[in-house]
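Residue numbering restarts at 1 for every chain, and letters A, B, ... go by the order of the sequence lines.
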There are 2 protein chains.
Amino acid sequence: MNPKTGNPTLTGESGSLRGRRITREKALTAAARILLEEGYARLTMERVAAESRIAKTTLYRRWPTKAALCMELYLEATRDLRDPRTGNVKSDLRAIADTVVRLQTRTVAGPALLGLIAEAQITPESKGPLLAEFSQQRRRLTRLVLQRAIDRGELQPGTDVDLVIDAIGGAITFRLLQGHAPINKRFTNQLIDLVLSGCLSNRALPRKNGK
Amino acid sequence: MNPKTGNPTLTGESGSLRGRRITREKALTAAARILLEEGYARLTMERVAAESRIAKTTLYRRWPTKAALCMELYLEATRDLRDPRTGNVKSDLRAIADTVVRLQTRTVAGPALLGLIAEAQITPESKGPLLAEFSQQRRRLTRLVLQRAIDRGELQPGTDVDLVIDAIGGAITFRLLQGHAPINKRFTNQLIDLVLSGCLSNRALPRKNGK
DNA sequence: ACACTACGCTACGTAGCGTATCGAAAATTA
DNA sequence: TAATTTTCGATACGCTACGTAGCGTAGTGT
């Protein structure tokens with residue numbers, strides 16, 4: 001987003017001072033366009049190089065694999081996914097789910113994520129490094145929200161947070177992957193209701209902050 | 001591509017009467033061995049041809065894509081997945097889940113399915129024909145079990161069957177894809193308990209959260 | 001025996017990968 | 001401005017796998 005200031009990012013910014021610089025955006029926008037308009041199959045390093053007018057060698061110096069390029073696209077697109085802090089767990093989850101659905105269905109984050117998942121299954125060495133940290137990254141926000149709900153008594157103390165994340169996140173990803181049913185707010189709301197009804201506390205609403 | 005009777009080549013059965021026959025198992029066992037021992041990335045048509053001593057051209061005549069070959073491996077491996085008919089919905093679901101988990105983690109069905117899902121994301125034209133019928137095939141048994149439970153009053157009448165399938169099947173597939181947490185009976189049991197608690201009929205016995 | 005058909009083999013053209021080399025361009029320093 | 005340092009662009013190469021074509025051969029039914 002800010003190529004000229006030397007603001008260091010994970011993989012995109014060159015670390016040294018001298019020499020020519022490519023604009024990182026040139027590569028990412030070309031990749032995003034191909035990914036959105038033509039799909040993951042057409043996204044090749046050669047193609048990105050040709051369309052962005054960046055040499056293939058240069059591309060490989062920064063992004064050693066196509067997956068690394070997609071990862072950066074994904075992280076870039078999902079940067080505005082934050083803790084909603086609405087005050088109760090159901091609203092929090094709904095807000096997160098709505099944002100996720102919007103990102104997945106209307107931005108480059110969707111095909112990027114699907115491509116990353118697919119690549120991880122196919123390319124053996126990427127399954128470990130890629131998904132290990134990646135899935136943790138994805139789960140962190142939901143885990144935070146759920147743990148907070150447990151702490152303030154909204155959810156039963158023994159709630160298995162990872163199980164809840166898998167049930168909700170898994171169902172959404174399932175529909176994304178298979179495309180057998182629509183993904184909309186009605187779906188996510190019902191899904192969250194269904195899963196939460198198994199672990200909501202029986203007690204009254206928390207009185208700590210007096211809502 | 002089958003001259004005699006509309007018999008689809010997807011089944012691997014030779015449709016005609018005359019000429020030499022390859023043993024279909026020669027190709028499938030070679031493919032299964034590669035898939036299990038070396039993963040989906042190493043599974044190439046050239047490799048299967050070389051190891052099974054079947055000509056590459058012959059391979060392509062029967063299985064036009066690698067995905068078709070994997071599909072046949074998957075269907076072959078999951079042939080013994082049947083309706084458990086235990087008498088109640090929770091036992092039914094547990095039995096199905098246990099079988100699915102066993103097939104996915106201990107047979108060629110696991111890598112075959114992951115490969116198929118991955119391929120569908122990457123190869124654009126396979127996403128439609130492949131997953132459309134494929135996901136329906138996968139859901140049919142669970143849908144049968146759940147609908148039966150609704151009919152006999154175990155589940156609430158308004159239960160969204162597809163939603164329940166997505167929550168359970170999605171979570172299991174999620175763990176398979178990302179490999180971030182173990183998949184065992186304890187996981188599937190808790191998962192089924194969690195999801196079912198949101199749609200069990202009131203006539204069912206009240207349940208404590210401990211086990 | 002014959003006709004028919006499927007198979008094996010070889011070869012070919014294409015796509016994309018990932019790397020090596022080298023000259024040129026940009027940014028920093030003097 | 002000039003020199004230095006570093007990166008970028010262009011080209012070429014070898015490699016793997018794809019998918020197809022042609023042709024001879026081996027198995028199958030009548």
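- Inter-residue side-chain proximity for B:Ile183 and B:Gln104 is flagged as unmet; no heavy-atom pair is nearer than 4.5 Å.
- At D:dA17, none of the side-chain N or O atoms of B:Arg42 fall inside 4.0 Å of OP1 or OP2 (strictly under the cut-off).
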### Letter per nucleotide, 5' to 3', of nucleotides 11-16 of chain D [B base touched, S only sugar-phosphate touched, - untouched; heavy atoms, 4.0 Å]
B-----
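- Atom-to-atom, CG of A:Leu59 to P of C:dT19 comes out at 13 Å; the value is rounded to the nearest Å.
- Summarising the geometry, the separation between CZ on A:Arg21 and C1' on D:dC8 is reported as 12 Å, rounded to the nearest angstrom.
- Distance A:Lys26 NZ to D:dC8 P: 11 Å, rounded to the nearest Å.
- Heavy atoms only, all atoms of each residue included: B:Leu103 and B:Ala77 are closest at CD2-O, 3.4 Å.
- The separation between B:Glu119 atom CD and D:dC18 atom C1' is 12 Å, rounded to whole Å.
- Nearest heavy-atom pair, B:Glu154 versus B:Val89, reported as atom, atom and distance to 0.1 Å: OE2-N, 3.0 Å.
- Of the side-chain N and O atoms in A:Arg62, one or more sit less than 4.0 angstrom from OP1 or OP2 of D:dC8.
- Taking atom CZ of residue B:Arg47 and atom P of nucleotide D:dA17, one finds them 8 Å apart after rounding to whole Å.
- Here B:Gln121 contributes atom CD and A:Leu116 contributes atom CG; the two are 11.5 Å apart, rounded to the nearest 0.5 Å.
- B:Leu69 places its CG atom 15 Å from the C1' atom of D:dG19, with the value rounded to the nearest Å.
- When the C1' atom of C:dA15 is taken as reference, atom CE of A:Met45 falls 16 Å away, rounded to whole Å.
- Under the 4.5 Å side-chain criterion, counting only non-hydrogen atoms from C-beta, A:Phe187 is in contact with A:Asn184.
- In terms of position on DNA chain C, the residue among A:Arg61 and A:Glu46 whose nearest nucleotide sits closer to the 5' end is A:Glu46.
- If you check the side chains of A:Asp162 and B:His180, you find no donor sitting under 3.5 Å from an acceptor.
- Counting any heavy atom pair closer than 4.0 Å across all strands shown, B:Arg53 reaches sugar-phosphate atoms only and no base atom.
- Between the CD1 atom of A:Ile122 and the P atom of D:dA17 there is a distance of 14 Å, rounded to whole Å.
- Distance alone, capped at 3.5 Å, places no donor-acceptor pair between the A:Thr23 side chain and the A:Glu25 backbone.
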